[in-house]
Amino acid sequence: MADELNKITSDLDYIIESFRPVLNKLQENHDSPVFLSSFTNFANLKNIGNWAISLLKANLNNEKAIHMFKYNEKYEIFHFYIILDEVLFNNTNEMKIIKKTIIAHEFIHFLAFFYAIFSSSGKKSRQKSIERLSKISADGESINKKTLNLLEFLNKSESFVDFYSYKQVNDSHFRTGIENMPIDYSELFKNFLFPRQIFDEYFILEKRKMFFNLLREHEQEKAFKIFSDISDIITEKEFLSKSFVYDQAIDIIMKFYSNEYVKG
């Protein structure tokens, strides 16, 4: 139990493995709540059955997304709502990219609320956390039209300095200040949007061996062609922006597969 508690707050791979099915189910359906208790990875965690998250569609007028946190004191149910403007459900590639990005973004807010309450020990501490989080939620967290610059950030690294885009990927933007969570939330955001598990489905071992062999033989152009072709397929199939896929793929290779290149 203690080991599981430690992993769910400090092990990036374990967090992605545990919560990715929740995010996937949320992206597939809207209007119906998703309960953490229906996922086996959370079976041993105390009070986890009381957590629910819902994705809703509405006419938000000038805003594109909001999230709300509600607590039912009688039944001790923690319910997090992600509400998207109906325009995001338009079936265009650009909207699919934006919608997927925004849902991942809002899901990190859900995790921040989850960890804040999860970290609370004792009834009084938990109640104070709930009151504080309810106030944060009431203050409102919205993604308006200008925040669609996030898509621009994912395509052009220089737009990282843009105020809105910067907030989307900055750890402090997500952090509540009361959670015990050592991992950077911006890392979680990038890895939920494009996790190593997805990368592995396309950049299989055989392809990686070819890629690293070409690099060792100083055939950089041929190696880049393999990398570029696979990245382009991921961009198209997973509805992600091209530059973001390139950057995240390179980061994954350096973090997890650089030993394959060294060992030969």
Side-chain angles (χ1 to χ4, degrees), residues 7-8 10-29 39-41 91-105 107-108 111 150-160 165 168-169 171 183-264:
K7 286 195 296 184
I8 207 166
S10 60
D11 186 325
L12 179 63
D13 270 352
Y14 187 79
I15 294 169
I16 300 298
E17 180 186 340
S18 298
F19 283 101
R20 188 179 163 217
V22 181
L23 178 58
N24 289 344
K25 188 170 183 179
L26 192 68
Q27 289 172 327
E28 292 168 3
N29 304 295
F39 299 90
T40 55
N41 282 351
N91 199 30
T92 65
N93 282 354
E94 183 181 29
M95 277 302 174
K96 285 179 180 178
I97 293 171
I98 294 171
K99 178 186 171 188
K100 187 171 185 176
T101 302
I102 290 178
I103 291 175
H105 167 93
F107 191 75
I108 303 304
L111 288 180
L150 173 58
L151 182 63
E152 186 179 336
F153 159 74
L154 294 173
N155 280 294
K156 298 180 181 179
S157 59
E158 60 266 26
S159 67
F160 182 84
S165 296
Q168 303 311 311
V169 294
D171 176 73
I183 290 182
D184 191 307
Y185 280 122
S186 62
E187 284 298 305
L188 282 181
F189 170 63
K190 290 187 292 184
N191 282 279
F192 271 110
L193 197 55
F194 179 25
R196 178 165 62 98
Q197 293 88 340
I198 290 289
F199 179 75
D200 287 349
E201 290 176 14
Y202 295 91
F203 208 22
I204 59 176
L205 179 60
E206 181 184 355
K207 291 286 186 181
R208 289 204 308 272
K209 285 181 177 179
M210 291 172 58
F211 174 73
F212 288 130
N213 283 336
L214 288 168
L215 286 180
R216 279 188 287 270
E217 294 166 4
H218 305 288
E219 296 280 2
Q220 282 85 358
E221 288 188 13
K222 290 181 180 179
F224 180 75
K225 182 67 166 57
I226 291 176
F227 174 83
S228 178
D229 287 348
I230 291 173
S231 296
D232 288 347
I233 292 171
I234 294 172
T235 298
E236 179 184 354
K237 298 291 186 182
E238 299 297 329
F239 299 106
L240 296 167
S241 63
K242 188 171 184 176
S243 291
F244 173 69
V245 168
Y246 273 45
D247 291 344
Q248 180 70 349
I250 290 171
D251 193 45
I252 291 170
I253 288 173
M254 294 303 294
K255 283 181 179 178
F256 297 101
Y257 301 116
S258 57
N259 283 342
E260 293 181 14
Y261 173 72
V262 173
K263 290 178 181 178

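Given the structure is predicted, the values throughout are model-derived calculations rather than measurements.
Closest non-hydrogen pair, Ala249 versus Phe194, comes out as N-CE2, 4.0 Å. The two residues Ser231 and Val245 have their closest heavy-atom pair at O-CG1, 3.7 Å. Taking every heavy atom of both residues into account, Asp232 and Lys242 meet most closely at OD1-CE, 3.2 Å. Between Leu12 and Leu188 the shortest heavy-atom distance is CD1-CD2, 3.4 Å. Considering all non-hydrogen atoms of both residues, Ala104 and Leu193 come closest at CB-CD1, 3.8 Å. The minimum heavy-atom distance linking Asp171 with Ile183 is given by the pair OD1-O, 4.0 Å.
Proximity of Ile226 to Lys222: side-chain heavy atoms (C-beta onward) are nowhere separated by under 4.5 Å. Between Ile97 and Phe244 there is no side-chain heavy-atom pair separated by less than 4.5 Å. Annotation: side chain of Lys237 is not in contact with side chain of Ile198 (no heavy-atom distance under 4.5 Å). A 4.5 Å side-chain heavy-atom check between Phe199 and Asp251 finds every atom pair outside the cut-off. Using a 4.5 Å heavy-atom cutoff, the side chains of Thr101 and His105 are not in contact.
Phe224 and Phe227 have tilted rings, their planes meeting at an angle from 30° to 60° on a 0 to 90° scale.
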Item to check | CA sep, side-chain torsions, deciding dist, call: Lys99, Thr92, side chain to side chain contact (heavy atoms under 4.5 Å, CB included) | outcome: CA-CA 10 Å; Lys99 178 186 171 188; Thr92 65; over 6 Å; no

Next on the checklist: The test is side chain to side chain contact (heavy atoms under 4.5 Å, CB included); show your working for Phe256 and Asp200 and say whether it passes.
Outcome noted: CA-CA 11 Å; Phe256 297 101; Asp200 287 349; over 6 Å; no

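When each of Glu217, Lys209, Arg216 is checked for a side chain to side chain donor-acceptor pair (under 3.5 Å) with Asn213, only Arg216 meets the rule.
The residues Glu187 and Lys190 are annotated as salt-bridged, a charged nitrogen and a carboxylate oxygen being separated by less than 4.0 angstrom.
Put simply, CG on Asn191 and CZ on Phe19 are 14.5 Å apart, with the number rounded to the nearest 0.5 Å. Rounding to the nearest 0.5 Å places CD1 of Ile103 at 13.5 Å from CZ of Phe192. The CG atom of Asp229 sits 11.0 Å away from the CD1 atom of Ile234 when rounded to the nearest 0.5 Å. To the nearest 0.5 Å, the span separating OG1 on Thr235 from CG on Asn93 amounts to 11.5 Å. How far CD1 of Ile98 is from OG of Ser241: 10.5 Å, rounded to the nearest 0.5 Å. For the atom pair CG (Leu214) and NZ (Lys225), the distance works out to 12.0 Å, reported to the nearest 0.5 Å.
More than 12 heavy-atom neighbours from other residues, nucleotides or ligands sit within 6.0 angstrom of CD on Gln220.
A donor-acceptor pair is defined here as one N or O able to donate and one able to accept, closer than 3.5 Å; no such pair exists between the side chain of Lys100 and the backbone of Gln27.
For Phe203 and Phe211, the ring centers are positioned less than 6.0 Å apart.
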